[in-house]
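The structure under discussion appears below in the form of structure tokens.
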Amino acid sequence: MDLKTFVIFLAFLCVCSWPAASVRLLTKSRWIVDEESGGRVKLACVNLVSHLESMLTEGLNRQPLKYIANTVFSQGFNCVRLTWATFMVTKPEYQSLTVTSSLMSLNLSSAVDGIRANNPEFLDLSLIEALKRVAMGLGEAGLMVILDNQVSKPQWCCALHDGNAFFGDEYFDPQAWLLGLTTVASAFINVSAVVGMSLRNELRGPRSNLTDWYTYMQAGAAAVHAANPDVLVILSGLNYDADLKFLAAKPVNLLGFGNKIVYELHWYSFTDGNAWEKGNANDLCGSVTARINDHMAFVVRNSSTFSASPLFVSEFGIDQRGVSVKDNKYINCFLAFAADGDFEWALWTLQGSYYLRNKQPGFEETYGIFNARWDGLRNPVFVAKLKPLQQPFQVPFSSSQEAWYQIIYHPASGLCVAVSKGDLKLDSCDGHGLFAFKASEEALGLSDDSQCIAAQGEGQAPVLSGICNNPNSAWQIVSTSKLQIAVNGSIAMLCLDGRSSPLLLTSKCICLMDSGCGNDEALEMQWFKVISTNRKYISNSTTT
Ligand SMILES: *[C@@H]1O[C@H](CO)[C@@H](O)[C@H](O)[C@H]1NC(C)=O
Ligand SMILES: *[C@@H]1O[C@H](CO)[C@@H](O)[C@H](O)[C@H]1NC(C)=O
Ligand SMILES: *[C@@H]1O[C@H](CO)[C@@H](O)[C@H](O)[C@H]1NC(C)=O
Ligand SMILES: *[C@@H]1O[C@H](CO)[C@@H](O)[C@H](O)[C@H]1NC(C)=O
């Protein structure tokens, strides 16, 4: 290939953020970049559990590792957050276990048979060698790996009183934890797929103490960096990874490797108890997003006391059977937040079942992408909805200001407002949706200024119109969630509505005032987020 083609090829790689699995990553302000090209690498990960009692990566009894890794890659993810337990490397009785003896100590002989059938080379490996082999296998499929210290004592995480919650708890000896971090960081130094290590999952519980947080997190970061200077160091806050507010006033002492530090956030529906079950989804989405911005997402912005850093939303997810009212309500709010902030993320979770959980062999994971047999996706529609977020919306350090434009994203369908043969509809967020939202003029128009979106009436499709100063095209963002886009109709406010996707309609705005809205599913069909992007069109997706 000639030089020009090669440069275009490189630009494609960098915008697409699918680096070879062996890149070294750094942070630059709020972005994660590839050290060599300087281009952004957006983490679009899925979690995979290796920290339960067996300390073995789940699923090796169900499918060959290569199948698991290739499935993750083919679904558009570029990384896996792989969990581990400290005791695997600090307790002699666990260090001496092999994959087979670990499973047999739990009476899981049928899991051993499954591994013999699918991944026989794992049977005699020590647990840490097995974890390395998994990371290498993920790397061979083109995936990056983040190692996450989930617990000290291998078990399901995370309860307030499980002995694993905070430094000084029954199983959570800070010195053993530091030794574990050093051991794992060193052991993976030549596993090039590993690009980051999170120091500890979901610090929490009655011992939570800021003095200790600064002492030990800084020591943990230093230990990892000393043992393996190639990895990003990822720090969780307090209260189950839901609070970093204290950092605004007192940043961590970055010890000379500030371009390696990333913060993490966890946000589930149950982070807010049962609030999502009852409340008006507009009010909840507005108030919860405001709290998360205040407690967590401020880290991506500069202030007089804090330098912007990347934020990795390393756990979010839903029951993928679609049976949880609160999960179904929360997820569209989450997706709007995550798309708007263009954060790094990791879905909970990949595994469709466990060797053993809640004392049950083969326990099913309904938040898992895989079904319980690991031979297909539990909910392909949900996984497809994540696609727009797998690409970066923002490419940092772009020299051209003209490159910015807006897209109108509809989280409930995972699609964007697009123009197709002159008609408006919902379509892929790649390569379409050339809108500029002109808030000052209250118009939604094509970025070349030629035409605006105009409402036609309730239940009708909006159209593109050359007349932009008419009430039918005077759009405003309404409601407490700031996710409904409306014009003043002759009788009622009319909102953009995606309920007949891929058709785009306007219908009477619902739940603007009601405290008990009653129909949150219909409401969320009216949720759209206007997102700024400077990403060049990279896909050659066809407009039909
Ligand atoms: C495994 O089975 C043996 C014999 O039935 C039993 O004594 C032991 O408690 C079991 N171990 C576990 C971890 O369930
Ligand atoms: C890593 O690879 C380098 C170069 O191949 C080698 O010198 C070093 O011993 C390896 N380190 C470990 C811990 O395997
Ligand atoms: C936090 O822990 C330190 C020692 O580890 C102790 O001196 C201090 O009193 C604790 N602070 C709170 C608020 O519990
Ligand atoms: C934060 O400030 C630094 C130094 O001025 C600048 O390079 C960076 O782009 C800023 N980051 C954000 C997210 O504004």
Side-chain angles (χ1 to χ4, degrees), residues 14 17 25-35 37-43 51-56 58 61 85 87-88 91 93-94 96-115 127 151 153-156 171 232 235 244-245 247-249 251-252 254 256-265 292-313 337-345 353-363 392-401 403-404 531-535:
C14 139
S17 85
L25 303 181
L26 299 176
T27 67
K28 196 165 175 187
S29 178
R30 65 154 295 189
W31 309 109
I32 294 174
V33 299
D34 168 353
E35 183 180 38
S37 72
R40 179 173 180 201
V41 174
K42 175 170 176 170
L43 300 179
H51 70 274
L52 297 195
E53 285 77 357
S54 70
M55 293 164 283
L56 178 65
E58 302 292 339
N61 58 336
F87 284 9
M88 176 181 71
K91 294 269 185 198
E93 64 271 33
Y94 292 128
S96 60
L97 290 173
T98 63
V99 166
T100 303
S101 61
S102 175
L103 291 168
M104 288 313 292
S105 73
L106 300 164
N107 289 344
L108 296 171
S109 59
S110 67
V112 174
D113 294 342
I115 291 170
L127 295 170
V151 286
K153 181 174 192 271
Q155 61 181 40
W156 182 251
Y171 306 116
L232 296 171
L235 277 63
L244 284 166
K245 196 172 166 63
L247 279 180
V252 287
L254 298 174
F257 54 97
N259 63 349
K260 290 289 177 61
I261 302 286
V262 172
Y263 295 99
E264 63 187 318
L265 158 66
I292 297 225
N293 272 315
D294 182 55
H295 282 65
M296 301 293 297
F298 73 88
V299 301
V300 303
R301 294 183 286 274
N302 286 321
S303 74
S304 57
T305 50
F306 190 83
S307 308
S309 307
L311 183 64
F312 180 32
V313 189
F337 162 85
D340 187 39
D342 204 5
F343 305 110
E344 325 303 320
W345 54 266
S353 64
Y354 298 92
Y355 302 119
L356 181 71
R357 203 186 121 190
N358 293 13
K359 302 194 171 134
Q360 287 174 44
F363 186 90
F393 289 106
Q394 299 180 43
V395 183
F397 329 117
S398 154
S399 54
S400 159
Q401 289 307 308
W404 285 93
I531 293 168
S532 290
T533 177
N534 63 348
R535 184 177 80 199

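Being a predicted model, the structure only gives us computed values, none of them experimental. Numbering of ligands and ligand atoms starts at 1, following listing order.
Considering backbone and side-chain atoms alike, Ser29 places an N or O below 3.5 Å from some N or O of ligand 4. Looking at ligand 4, you'll find an N or O of Asn302 within less than 3.5 Å of one of its N or O atoms.
No donor-acceptor pair closer than 3.5 Å links the side chain of Arg40 to the backbone N or O of Trp31.
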Please tabulate, one line per pair, the protein N or O atoms found under 3.5 Å from any N or O atom of ligand 1, giving the distance to one decimal.
from     : atom 1 : to     : atom 2 : distance (Å)
ligand 1 : 2 (O)  : Asn107 : OD1    : 3.3
ligand 1 : 2 (O)  : Asn107 : ND2    : 2.2
ligand 1 : 11 (N) : Asn107 : ND2    : 3.0
ligand 1 : 14 (O) : Asn107 : ND2    : 3.4

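A perpendicular orientation is assigned to the rings of Tyr171 and Phe87, their planes being inclined by more than 60° (bins at 30° and 60°). Ring pair Phe298/Phe306 is perpendicular by interplanar angle, where above 60° counts as perpendicular and below 30° as parallel.
Here is the list of ligand 4 atoms found below 4.0 Å of a heavy atom in Val300: 13 (C).
With a 4.5 Å cut-off on side-chain heavy atoms, Ile261 and Thr27 do not count as touching. When side chains are defined from C-beta on, Lys28 does not count as touching Asn259, because their heavy atoms never get closer than 4.5 Å. Considering only heavy atoms from C-beta on, Leu232 stays 4.5 Å or farther from Glu344 through its side chain.
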Under 3.5 Å, sequence neighbours excluded: what are the donor-acceptor pairs made by side chains of residues 102-113?
from   : atom 1 : to     : atom 2 : distance (Å)
Ser102 : OG     : Ser54  : O      : 2.8
Ser105 : OG     : Ser102 : O      : 2.7
Asp113 : OD1    : Arg116 : NH1    : 3.2

